[in-house]
Visitor: 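Submitted below is the structure of interest, expressed as structure tokens.
Just so you know, these numbers come straight off a predicted model, no measurement behind them.
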Amino acid sequence: MTSKNDALLALVRWVSLVDFAKPFEHEARFNGRLRSTGGRFFPKDLHLDFNEKMYDAFSEDVFRQIVQHELVHYHLYRAGKGYRHRDADFKVLLTQVGGLRFAPALPDTSFLVYQCMSCKQVYQRRRKIDLKKYRCGKCGKPLQFVKGKELNL
Ligand SMILES: [Zn+2]
Ligand SMILES: [Zn+2]
């Protein structure tokens, strides 16, 4: 039987290979103390922490973008480049792989969550959005349904 931490590590290794073409060779685990943070990179021993509530709450597509964000820190640090949020290297690589700049807010279960298919902006709404009519407020591209309790509307 594989534990949830094993599944997380497998996902991080997979995203690293697919989106960065480089192996992830350290530890990744859930940290129950993270609240609004999606994950955290530790330069001391190169391990990554991830927010278990976000893993449970978001689709794999959204969580993958959280993993991408942490892997941008990881791979830039290992390459001796600017790995902090303010560094140009960080901004460039994060944009290239399409990772999230900020972790999305954990959804209140009474909200429906949508995400822009292009710029990945997350929208939370009390009411169902008509996906045929509604477009992203930032870039004008279509949205997709991500999460919510009223699935069969
Ligand atoms: Zn970060
Ligand atoms: Zn957009």
Visitor: Rounded to the nearest 0.5 Å, how far apart are CD of Glu27 and CG of Asp49?
Guide: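 Reported to 0.5 Å precision, the distance equals 11.0 Å.
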
Visitor: Side chains of Val18 and Arg64: does their closest heavy-atom pair fall under 4.5 Å?
Guide: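 A side-chain contact under 4.5 Å exists here.
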
Visitor: May I ask you to check whether Tyr77 and Phe41 place their ring centres under 6.0 Å from each other?
Guide: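 Yes, the ring of Phe41 comes within the 6.0 Å limit of the ring of Tyr77, centre to centre.
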
Visitor: Hydrophobic cluster membership, with links at side-chain heavy-atom distances under 4.5 Å among I/L/V/M/F/W/Y: are Met117 and Leu143 in one?
Guide: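 They do not share one cluster, since no chain of ILVMFWY contacts under 4.5 Å joins Met117 to Leu143.
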
Visitor: Can you get from Leu34 to Leu46 by hopping between Ile, Leu, Val, Met, Phe, Trp and Tyr side chains that sit under 4.5 Å apart?
Guide: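 Different clusters.
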
Visitor: If the test is side-chain hydrogen bond (donor to acceptor under 3.5 Å, both in side chains), which one of Lys22, His75, Glu25 qualifies with Ser16?
Guide: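 When side-chain hydrogen bond (donor to acceptor under 3.5 Å, both in side chains) is applied between Ser16 and each of Lys22, His75, Glu25, only His75 qualifies.
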
Visitor: Check Ser59 against Val146 and note the closest heavy-atom contact, atom names and distance.
Guide: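 Where Ser59 meets Val146 most closely, the heavy atoms are OG-CG1, 3.7 Å.
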
Visitor: According to a hydrophobic-cluster definition based on side-chain heavy atoms being under 4.5 Å apart (Ile, Leu, Val, Met, Phe, Trp, Tyr only), do Phe20 and Leu9 belong together?
Guide: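 Both belong to a single hydrophobic cluster.
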
Visitor: With under 30° as parallel and over 60° as perpendicular, where do the rings of Phe24 and Tyr74 fit, or are they tilted in between?
Guide: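 Plane angle between 30° and 60°, so tilted.
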
Visitor: Would you check if the side chain of Asn51 reaches a backbone N or O of Thr37 as a donor-acceptor pair within less than 3.5 Å?
Guide: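 Yes; judged by distance alone, with no hydrogens or angles, the pair exists.
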
Visitor: Would you indicate whether the side-chain heavy atoms of His73 and Leu48 approach each other to under 4.5 Å?
Guide: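 Counting from C-beta outward, Leu48 and His73 never come under 4.5 Å.
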
Visitor: Indicate, with yes or no, if the rings of Phe145 and Tyr114 have centres closer together than 6.0 Å.
Guide: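 Ring centroids of Phe145 and Tyr114 are less than 6.0 Å from each other.
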
Visitor: Could you check if a side-chain atom of Val67 sits within less than 4.5 angstrom of a side-chain atom of Leu71, using non-hydrogen atoms only?
Guide: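 A side-chain contact exists here, since the closest heavy-atom pair is under 4.5 Å.
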
Visitor: Between Asn5 and Arg29, which heavy-atom pair has the shortest distance, and what is it?
Guide: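 Shortest heavy-atom separation between Asn5 and Arg29 comes out as OD1-CA, 3.3 Å.
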
Visitor: Quickly, which of Lys141, Arg135, Gln144 forms a side-chain contact (heavy atoms from CB on, under 4.5 Å) with Cys116? Name it, please.
Guide: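 Between Cys116 and the candidates, side-chain contact (heavy atoms from CB on, under 4.5 Å) is satisfied uniquely by Lys141.
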
Visitor: Considering only heavy atoms from C-beta outward, does the side chain of Phe63 approach that of Val15 to under 4.5 Å?
Guide: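 No - every pair of side-chain heavy atoms lies 4.5 Å or more apart.
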
Visitor: Quick one: does Arg35's side chain get under 4.5 Å of Lys53's, heavy atoms only?
Guide: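 In contact.
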
Visitor: What pair of heavy atoms forms the shortest contact from Ile129 to Arg125, and how long is it?
Guide: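 Looking at all heavy atoms of both residues, the closest pair is CD1-CG, 3.6 Å.
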
Visitor: Taking the ring of His69 and the ring of Phe90, is the distance between their centroids below 6.0 Å?
Guide: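 Ring centres of His69 and Phe90 closer than 6.0 Å.
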
Visitor: Would you kindly confirm whether Leu11 and Leu17 end up in one hydrophobic cluster when ILVMFWY residues are joined by side chain heavy atoms under 4.5 Å apart?
Guide: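 No; Leu17 is not reachable from Leu11 via cluster members.
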
Visitor: Heavy atoms, side chains only, cut-off 4.5 Å: are Lys4 and Asp56 in contact?
Guide: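 Yes, side chains in contact.
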
Visitor: Are Trp14 and Val62 connected, step by step, through hydrophobic side chains (Ile, Leu, Val, Met, Phe, Trp, Tyr) whose heavy atoms are closer than 4.5 Å?
Guide: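 Yes, Trp14 and Val62 fall within the same hydrophobic cluster.
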
Visitor: Mind listing the closest non-hydrogen atom pair of Val12 and Ala28 along with its distance?
Guide: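 Of all heavy-atom pairs spanning Val12 and Ala28, the closest is CG2-CB, 4.0 Å.
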
Visitor: For Gln121 and Cys136, which heavy atoms make the closest approach, and how far apart are they?
Guide: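 Here Gln121 and Cys136 meet closest at CB-SG, 4.4 Å.
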
Visitor: Heavy-atom distance under 4.5 Å between the side chains of Tyr55 and Phe50, does that happen here?
Guide: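 Counting from C-beta outward, Tyr55 and Phe50 never come under 4.5 Å.
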
Visitor: What are the two closest heavy atoms between Gln68 and Val97, and how far apart are they?
Guide: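 Residues Gln68 and Val97, closest heavy atoms: NE2-O, 3.4 Å.
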
Visitor: Is there a donor-acceptor pair under 3.5 Å between the side chain of Asp45 and the backbone N or O of His47?
Guide: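 Flag set: sc Asp45 to bb His47 pair under 3.5 Å.
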
